[in-house]
Protein chains: 2
Amino acid sequence: MTPSPKPVAQMIPITTHTLKVACSQCNLRELCLPLGLSEHEMHKLDDLVGARRRIKRGTHLYRAAEQFEAIFAIRSGFFKTDVIAEDGREQVTGFQMAGEILGMDGIGTEHHTCNAIALEDSEVCPIPFARLEDMSREIGTLQHHFHKVMSREIVREHGVMVLLGTMRAEERLAAFLLNLSQRFGSRGYAPNEFHLRMTRDEIGSYLGLKLETVSRTFSRFQDDGLISVQQKHVRIIDPAGLKKLMSRNC
Amino acid sequence: MTPSPKPVAQMIPITTHTLKVACSQCNLRELCLPLGLSEHEMHKLDDLVGARRRIKRGTHLYRAAEQFEAIFAIRSGFFKTDVIAEDGREQVTGFQMAGEILGMDGIGTEHHTCNAIALEDSEVCPIPFARLEDMSREIGTLQHHFHKVMSREIVREHGVMVLLGTMRAEERLAAFLLNLSQRFGSRGYAPNEFHLRMTRDEIGSYLGLKLETVSRTFSRFQDDGLISVQQKHVRIIDPAGLKKLMSRNC
DNA sequence: ATCGCCAGTTGACGCATGTCAATCCCCGCC
DNA sequence: GGCGGGGATTGACATGCGTCAACTGGCGAT
């Protein structure tokens, strides 16, 4: 093989300008806040969004009880959010990927109420919340889109409640895999082959299962020819079969 | 018994004026949207909020898939919201009481995504959403308060995820009772004695348990002297004992 | 006031998932 | 490239909750 050229990013001199997010240029705009803004509005948004911030794998973007200042659009990477109850139990409340918004839990109390931890080296665009509210008062489209984003988060959580309240282990894991698949797909990645960024324990916490149950269920899916799984690498062989699993009996 | 006097409501001539909500007069304002508004802003809000609507016990305030037009402030009464998955499973996603806001799940898709059903005869104040957004652009306080309400709903659902994901049956029911107690208390009702508006089945759906388990756990709590329960009437005898239950081991 | 029905209670039993433990095997670090 | 450790797998066993079923009793309709 011939040596591949250096990644483009390394050839561009790093200035505040290149570090600065330009929403108007961002290929995630359909997933993030700027959806449906005019050219002019989009450029106003560029001023709102702060300089991109790198979060190394394993470190916190924010912690519960910290002062809430901004929400964050994920530019690249992968996060988990979790809640630690007073008695120490951990519940993973979600996994977030590029184009999704983090931190809306902090608005109500002006303090974050959960932890956000990068599961791989990531970049986020901080959106100072007070300024977002100001700008929302000028740009109705932005206001409305932000409301939609928050509402969708509520609806997503309803889905998790259905999962945790009514589904059996197999169904939970099938739903989880199909959800990841759909989200990777809509970002232009292969929907049927991906690397899990989280451990079995984190999957288990999210799905209300113990890690051994997650592991066993993965193995069963593999034996049944639904997926092939090797550590964190997953290939979905029979998506329809997984879907069928979710609506069996009951 | 002597015949009781007619209910007061029937003695007042029904006019648009009496049916109309006056947020500026409402004793629920601390719980609902108008928190922190000036006198002038409050009166603008009075124009926003539509005529109060009565919802009879057992009937729907809205249904999943219906067009979303408004959110609803509960003036009086008690509701449940539920999601029916494609395969028919029902998950109760919440119980709502006076001063709480219903319908924010519909903003994202412009269609409601769950059902809201009155568990007793109730009254709601419809808040046309497009007009709420308009007014939010004029009144920053209102905008901010609405964002807080949505954020708190997200945080509430995180709490439910912790409950469903990590707690055992006893802990779930204890958490449920203490939550109801706190909410009744903050509305001026006796925190330690109340009527459940929902069935064992609905409690079970909310808590991810079968109705038999709910019933058995109630009985166990009674045997242990934590509560006294007779059908839908509950008295909390030992709140501290219930709290301790929730943080035992783990 | 009475009846019928639906909600609730209680018991017996089974199963899905948790618990505990041993072993394996990547992955990243030096 | 080798080594160490944490993540993953797998097995044996335990148990909490679900399932099925019988029975009770309040409440609302008439």
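Side chains included, hydrogens not; waters and symmetry mates left out as well; all remaining heavy atoms used. In what follows, chains are A, B, ... by sequence order, proteins preceding strands, each numbered from 1.
In this structure, A:Y206 has its ring center under 6.0 Å from that of A:F95.
The CD-P distance, from B:Q231 to C:dT9, rounds to 6 Å in whole Å. If you measure from atom CD of B:E202 to atom C1' of C:dC6, you get 13 Å, rounded to the nearest angstrom. Between B:F218 atom CZ and C:dG8 atom C1' there is a gap of 11 Å when expressed in whole angstrom units. Rounded to an integer number of Å, the gap from B:L211 CG to D:dA21 P is 15 Å. Atom CD1 in B:I203 sits roughly 8 Å away from atom P in C:dG8 (whole-Å rounding). In this structure, CG of A:L209 is placed 15 Å from P of D:dA8, rounded to the nearest angstrom. Note: CG (A:D223) to P (D:dT10) measures 8 Å, nearest angstrom. Atom CG in B:L196 sits about 10 Å away from atom P in C:dT9, given to the nearest Å.
For the pair A:K232 and C:dC26, the criterion of a side-chain N or O lying under 4.0 Å from OP1 or OP2 is not met. Considering only side-chain N and O atoms, A:T213 lies under 4.0 angstrom from the phosphate OP1 or OP2 of C:dG18.
Relative ring orientation between A:F78 and A:F184 is described as parallel, the plane-to-plane angle staying below 30° on a 0-90° scale split at 30° and 60°. Ring geometry for A:H112 versus A:F68: interplanar angle over 60°, hence perpendicular rather than tilted (30 to 60°).
Not a single donor-acceptor contact under 3.5 angstrom links the side-chain atoms of B:E212 to the base of D:dC17. If you check distances only, the side chain of A:R216 does reach the base of D:dG11 with a donor-acceptor pair under 3.5 Å.
Ranking D:dC17, C:dT9, D:dG7 by closeness to the B:S219 side chain, first place goes to C:dT9. Distance from the side chain of A:R57 is smallest for C:dG28 among the nucleotides C:dG28, C:dA7, D:dT9.
Among the protein residues, B:G204 comes within range of no part of the nucleic acid, since none of its heavy atoms lies under 4.0 Å from any strand. Among the atoms of the strands shown, only primed sugar atoms or phosphate atoms (P, OP1, OP2) are found under 4.0 Å from some heavy atom of B:T199.
Each of A:K210 and A:H195 was assigned the nucleotide of DNA chain C with the nearest heavy atom; the assignment lying further toward the 5' end belongs to A:K210.
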Please report the C-alpha distance between A:E120 and A:R57 in whole Å, then the side-chain angles of each, then the deciding distance to 0.1 Å, and finally whether the salt bridge (charged side-chain N to carboxylate O under 4.0 Å, His left out) criterion is met. CA-CA 4 Å; A:E120 62 182 30; A:R57 172 186 172 156; over 6 Å; no

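The two residues A:G225 and A:D238 make their nearest non-hydrogen contact at O-CB, 4.0 Å.
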